[in-house]
Peer 1: 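Structure below; questions to follow.
As a basis for the values below, the full set of heavy atoms in this structure was taken, side chains included, without hydrogen atoms, waters or symmetry mates. Convention: sequence-line order gives letters A, B, ...; per-chain numbering from 1. As the structure is a computational prediction, the values presented were derived from the model and not from experiment.
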2 protein chains.
Amino acid sequence: MSAADATILLVDDHSVVREGYRSVLQKQPGLRVVAEAADGAEAYRLFKSEAPDLVIMDLSMPGIGGIEAIRRIRQWDKGARILVFTMHQNAGFAVQAIRAGARGYVTKMSPPETLVRAVMDVLAGKIAISPDIDHELALSRISGESSAADVLTPREFEVLRLLLAEQTTEEIAETLHVSPKTVANLHSLIKDKLGVDSDIELVRLALRQGILTQVDLGEA
Amino acid sequence: MSAADATILLVDDHSVVREGYRSVLQKQPGLRVVAEAADGAEAYRLFKSEAPDLVIMDLSMPGIGGIEAIRRIRQWDKGARILVFTMHQNAGFAVQAIRAGARGYVTKMSPPETLVRAVMDVLAGKIAISPDIDHELALSRISGESSAADVLTPREFEVLRLLLAEQTTEEIAETLHVSPKTVANLHSLIKDKLGVDSDIELVRLALRQGILTQVDLGEA
DNA sequence: CGAGTGCCGGGAAAATTTCACGACGTTGCA
DNA sequence: TGCAACGTCGTGAAATTTTCCCGGCACTCG
């Protein structure tokens with residue numbers, strides 16, 4: 001391990017998946033995994049203490065999600081390089097992640113080479129998008145339908161995600177360290193922006209746009 | 001690799017995740033990964049040609065899902081040993097998987113040791129359930145998420161269906177020729193009976209129980 | 001018959017949703 | 001450089017909805 005090795009922080013709530021990253025990245029010279037986190041809050045903490053050259057981050061995690069973690073890290077260090085590596089093959093998520101400050105977006109469907117390539121690109125200062133997401137983005141541009149990701153600010157999108165995942169307004173307020181009133185206001189604003197009247201329509205729209213997938217229903 | 005090695009088929013649609021399995025399992029003597037599949041159909045095909053001692057299978061995959069793949073494999077070979085390894089920390093999925101013929105259920109949240117232990121247990125003929133799912137199953141038996149069709153009266157069930165499909169309380173009231181007040185009362189009663197606090201949870205529960213199917217979301 | 005249950009809705013309190021408004025920091029652009 | 005636009009956070013008050021408690025009606029079953 002030379003001093004010139006690029007240091008990496010892995011963020012994913014599944015330990016075996018992190019093991020997979022490691023295995024793939026270890027084969028690549030010049031890279032060194034220096035820390036691992038299982039959720040957004042831990043990622044933020046470790047970023048501050050370890051100051052890695054690159055963060056590889058999943059999006060769907062317990063507590064504060066990947067988008068919010070990206071926001072916080074970028075707020076702490078404007079130059080932070082974050083590569084999103086997620087199962088969500090969805091243009092909306094990609095748009096939100098990039099807006100929040102991510103420098104790359106690769107799906108877990110991609111072959112390992114794509115991940116390695118993206119890591120190298122981001123470290124070299126480029127923006128890296130995996131081909132399937134490029135395709136999704138192209139499609140969403142053609143169909144021209146305004147997705148939730150287009151009209152919502154990052155903060156609103158994060159609240160939407162938590163609304164779909166967490167239970168109560170109070171819990172979300174605590175997670176985001178804001179007043180319950182603010183969450184309620186955002187909840188209302190989100191429905192307004194998306195043109196739905198009820199929470200039921202909101203969930204249906206989220207399902208159609210892939211913001212909430214069937215796999216997310218797991219946490220009973 | 002001795003002839004006595006237990007042969008394993010890995011099934012997961014994310015290649016990097018398969019890499020993670022491999023990395024963890026390689027450290028364990030007596031195990032040998034002989035094939036990998038990225039979806040249910042390929043898993044079935046490979047099982048027939050490779051006849052592995054054990055299948056480690058994810059549930060959420062494109063095309064035919066894990067549950068259906070388990071069913072087909074067990075139909076082909078009644079003695080097939082299949083260990084489910086998935087992100088779904090959900091008692092309902094576990095029950096479904098076991099019923100379909102799986103011999104074990106471990107979540108991806110689990111530490112690698114738990115997976116290894118489960119692999120050994122299943123190979124030894126035992127049933128392996130990870131602790132978190134044990135806990136979920138216990139919970140579901142105690143406070144049990146009552147199935148909607150079970151606790152709801154026909155009228156309530158009808159209102160639930162319309163709530164998921166129609167938009168407003170007023171429209172439902174008109175459809176059923178009752179006062180909006182009654183619909184609102186029933187709406188509240190339904191949530192109470194199903195043990196959910198918000199409409200969002202209500203929709204999620206309906207999705208889990210198949211009352212609302214994801215394919216049926218087309219009509220806005 | 002009487003007890004239990006499903007179904008319907010009124011009234012009022014409680015909670016939430018919505019709207020209007022202001023403050024603050026950042027971004028971007030002229 | 002200044003200033004307009006925007007995102008974020010929050011308050012207060014009105015409007016609406018949700019929830020709880022209530023009674024009435026019809027039907028079934030032992």
Peer 1: Any ion pair linking B:D13 and B:R18 (charged N to carboxylate O, less than 4.0 Å)?
Peer 2: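 A salt bridge is absent here (no side-chain N lies under 4.0 Å from a carboxylate O).
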Peer 1: CZ of B:R117: more than 12 outside heavy atoms within 6.0 angstrom?
Peer 2: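 Counting other residues, nucleotides and ligands, CZ of B:R117 stays at 12 neighbours or fewer.
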Peer 1: Could you check whether A:R22 pairs with A:E36 (Lys NZ or Arg NE/NH1/NH2 to Asp/Glu carboxylate O, under 4.0 Å)?
Peer 2: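 Looking at A:R22 and A:E36, the cut-off is met.
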Peer 1: For A:K191 and D:dT16, give me the distance from atom NZ to atom C1', rounded to whole Å.
Peer 2: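 About 11 Å, once rounded to whole Å.
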Peer 1: Mind calculating the distance between CG (A:D199) and C1' (C:dT16) to the nearest angstrom?
Peer 2: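 To the nearest whole Å, that distance equals 11 Å.
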Peer 1: Which comes earlier along DNA chain D counting from the 5' end, the contact point of B:T169 or that of A:P154, where each point is its nearest nucleotide?
Peer 2: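 Checking each residue's closest nucleotide, the 5'-ward one belongs to A:P154.
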Peer 1: Quick one: B:I200 CD1 to C:dT16 C1', roughly how many Å, whole number?
Peer 2: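 Going from B:I200 (CD1) to C:dT16 (C1'), I get 13 Å.
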Peer 1: What's the NE2-P distance between B:H187 and D:dT16, to the nearest Å?
Peer 2: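 Distance, rounded to whole Å: 19 Å.
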Peer 1: Would you say the side chain of A:L189 lies within less than 4.5 Å of the side chain of A:V159, judging by non-hydrogen atoms?
Peer 2: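 A:V159 does not reach A:L189 side chain to side chain.
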Peer 1: Just the table, please: protein N/O against nucleotides 9-11 of chain D N/O, every pair under 3.5 Å.
Peer 2:
residue : atom : partner : partner atom : Å
D:dC9   : OP1  : A:R155  : NE           : 3.3
D:dC9   : OP1  : A:R155  : NH2          : 2.7
D:dC9   : OP2  : A:R155  : NE           : 2.7
D:dG10  : OP2  : A:S179  : N            : 2.5
D:dG10  : OP2  : A:T182  : OG1          : 2.9
D:dT11  : O4   : A:N185  : ND2          : 3.1

Peer 1: If I take atom CD in residue B:E174 and atom P in nucleotide C:dC8, what distance separates them, rounded to the nearest angstrom?
Peer 2: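 Whole-Å distance recorded here is 16 Å.
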Peer 1: Please give, in whole Å, the distance from C:dC19 P to A:L189 CG?
Peer 2: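 Answer to the nearest Å: 10 Å.
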Peer 1: For the rings on B:F85 and B:Y21, is their centre-to-centre separation under 6.0 Å?
Peer 2: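 Yes - the distance between ring centres of B:F85 and B:Y21 falls below the 6.0 Å cut-off.
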Peer 1: Quick one: B:E170 CD to D:dT18 C1', roughly how many Å, whole number?
Peer 2: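 So the CD-C1' distance, B:E170 to D:dT18, works out to 14 Å.
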Peer 1: Ring centroids only, cut at 6.0 angstrom: are A:F93 and A:F157 within range, meaning strictly under it?
Peer 2: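 Yes, they do, as the ring centres are separated by less than 6.0 Å.
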Peer 1: Atom CD of A:E68 and atom C1' of D:dG7: how far apart are they, to the nearest Å?
Peer 2: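 A:E68 atom CD is separated from D:dG7 atom C1' by 13 Å.
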